[in-house]
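Source: prediction; values computed, not measured. Counting starts at 1 for both ligands and their atoms, in listed order.
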Amino acid sequence: MKKYICIMLPLITIFSMYVFAQSKKDVSIPSLNEAAPAFTAISTQGEVKYPNDFYNKWVIIFSHPADFTPVCTTEIWELAHHQDEFANLNTKLIVISTDGLNSHLEWIKSIESLEYKGMKPTKIKFPLISDVNMSISKMYGMQHPYENSTQNVRGIFIISPKGYIQYIAFYPSYVGRNINEIIRVLTALQESYVNDVLTPVNWQKGDDYLLLPPKSIEMSEKMKEKNDPNFYNYNWYMWFKKNNK
Ligand code: BEZ
């Protein structure tokens with residue numbers, strides 16, 4: 001019997017450690033171009049239903065680790081100061097964490113009265129979802145157990161008006177996001193969506209676009225023969241389209 005226990009105990013321990021490690025790895029992050037998971041949730045602005053409440057809008061979902069934390073506070077404050085710019089880009093914002101609704105409501109009050117970077121307080125017009133049971137957080141892969149087992153990581157999901165995820169990014173707790181970069185990516189996505197173009201490295205609004213490469217050198221030469229002033233190239237596969245706006 002003693003011999004049996006001596007053999008089995010280490011095996012059971014190793015197996016339990018393996019199962020624990022596997023369960024930690026069990027993060028399911030949606031793919032780019034996958035339909036964004038639907039949800040209904042309570043928020044600081046009442047019930048939020050995705051996608052039903054967001055018809056024909058771009059949507060950005062931001063997850064954050066916790067209310068009443070300094071980095072998150074600067075991020076939500078900055079979002080609030082850009083919320084009209086997002087609205088002008090036909091974009092609705094949704095913020096989500098695993099904190100309770102009362103915590104969100106109290107935190108919002110504190111952010112709305114925060115005078116920071118020499119700028120006056122502003123009212124937050126977007127909803128903060130309370131995902132206490134982590135159901136939405138898990139669907140979107142916002143829970144990264146090696147980073148934190150109960151709080152969300154900083155996540156960004158940009159979703160097209162047709163409901164497909166176009167951009168995903170995750171940041172660790174100790175690095176705040178760059179809202180200007182998110183606006184740049186959103187603008188690039190919107191312009192490439194409408195004009196069927198690509199955007200080159202470090203593209204900024206107003207810069208020229210790239211085109212999908214011609215299928216052959218012969219096709220590139222035919223494009224060149226057209227002498228269209230709206231297009232120019234560096235080699236046969238790198239064609240630019242002028243941004244005339
Ligand atoms: C913050 O937002 O400051 C923060 C959040 C989670 C852990 C550490 C810092």
Side-chain angles (χ1 to χ4, degrees), residues 20-21 23-30 36-37 39 41-45 48 50 58-87 91-159 165 167-186:
F20 180 68
S23 71
K24 273 210 146 196
K25 277 194 207 156
D26 198 13
V27 181
S28 168
I29 298 167
F39 58 82
I42 52 161
S43 86
T44 49
Q45 308 218 323
V48 172
Y50 180 83
W58 287 81
V59 173
I60 309 184
I61 302 180
F62 293 90
S63 62
H64 70 271
D67 297 354
F68 295 102
T69 49
V71 179
C72 298
T73 300
T74 60
E75 291 180 330
I76 304 303
W77 183 94
E78 190 74 21
L79 272 184
H81 279 82
H82 282 90
Q83 58 196 346
D84 294 339
E85 198 175 340
F86 282 107
T91 301
K92 295 265 194 190
L93 309 176
I94 299 174
V95 172
I96 173 164
S97 81
T98 56
D99 297 276
L101 190 58
N102 284 340
S103 165
H104 278 348
L105 290 167
E106 285 305 310
W107 188 39
I108 279 186
K109 272 196 235 158
S110 136
I111 300 171
E112 284 180 340
S113 60
L114 180 65
E115 198 170 328
Y116 171 59
K117 292 204 282 190
M119 280 158 81
K120 291 269 173 272
T122 193
K123 196 144 186 61
I124 293 173
K125 299 181 204 158
F126 46 85
L128 272 74
I129 285 177
S130 165
D131 188 35
V132 179
N133 67 11
M134 302 181 195
S135 57
I136 305 168
S137 305
K138 283 188 178 151
M139 274 195 302
Y140 277 81
M142 295 162 176
Q143 289 274 310
H144 295 202
Y146 286 103
E147 172 79 357
N148 193 300
S149 57
T150 53
Q151 298 179 341
N152 287 344
V153 290
R154 299 182 199 285
I156 310 162
F157 298 81
I158 304 185
I159 307 169
I165 298 178
Y167 172 87
I168 301 173
F170 293 111
Y171 287 61
S173 309
Y174 43 88
V175 178
R177 289 161 281 195
N178 184 324
I179 306 303
N180 289 329
E181 168 61 5
I182 297 165
I183 292 172
R184 187 194 76 84
V185 175
L186 173 68

Legend entry - Heavy-atom closest contact (L93 atom, F62 atom, distance):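 Smallest interatomic distance, heavy atoms only, reads CD2-CE1, 3.9 Å.
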
Legend entry - Neighbouring protein residues of ligand 1 - any heavy atom closer than 4.0 Å: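 Around ligand 1, where the cutoff is 4.0 Å for heavy atoms, the contacting residues are P65, T69, P70, V71, C72, R154, S173.
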
Inset, instruction - Compute the centroid of each ring, for H64 and then for W107, and state whether the two points are separated by less than 6.0 Å. - result: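 Between W107 and H64, which both carry aromatic rings, the centre distance is below 6.0 Å.
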
Inset, instruction - Examine Y140 together with F157 and report whether their ring centres are nearer than 6.0 Å. - result: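 Centroid distance Y140-F157: below 6.0 Å, so yes.
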
Legend entry - Donor-acceptor pair between E147 and S173 side chains, under 3.5 angstrom: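 Yes.
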
Inset, instruction - Mind checking ring-ring contact (aromatic ring centres under 6.0 Å, His included) for Y171 and listing every partner two or more places apart, or none if nothing turns up? - result: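 In terms of ring-ring contact (aromatic ring centres under 6.0 Å, His included), with neighbours along the sequence ignored, Y171 is linked to no residue.
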
Legend entry - Pairwise distance CZ(F170) to CZ(R177) - rounded to 0.5 angstrom: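 CZ of R177 is found 10.5 Å from CZ of F170.
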
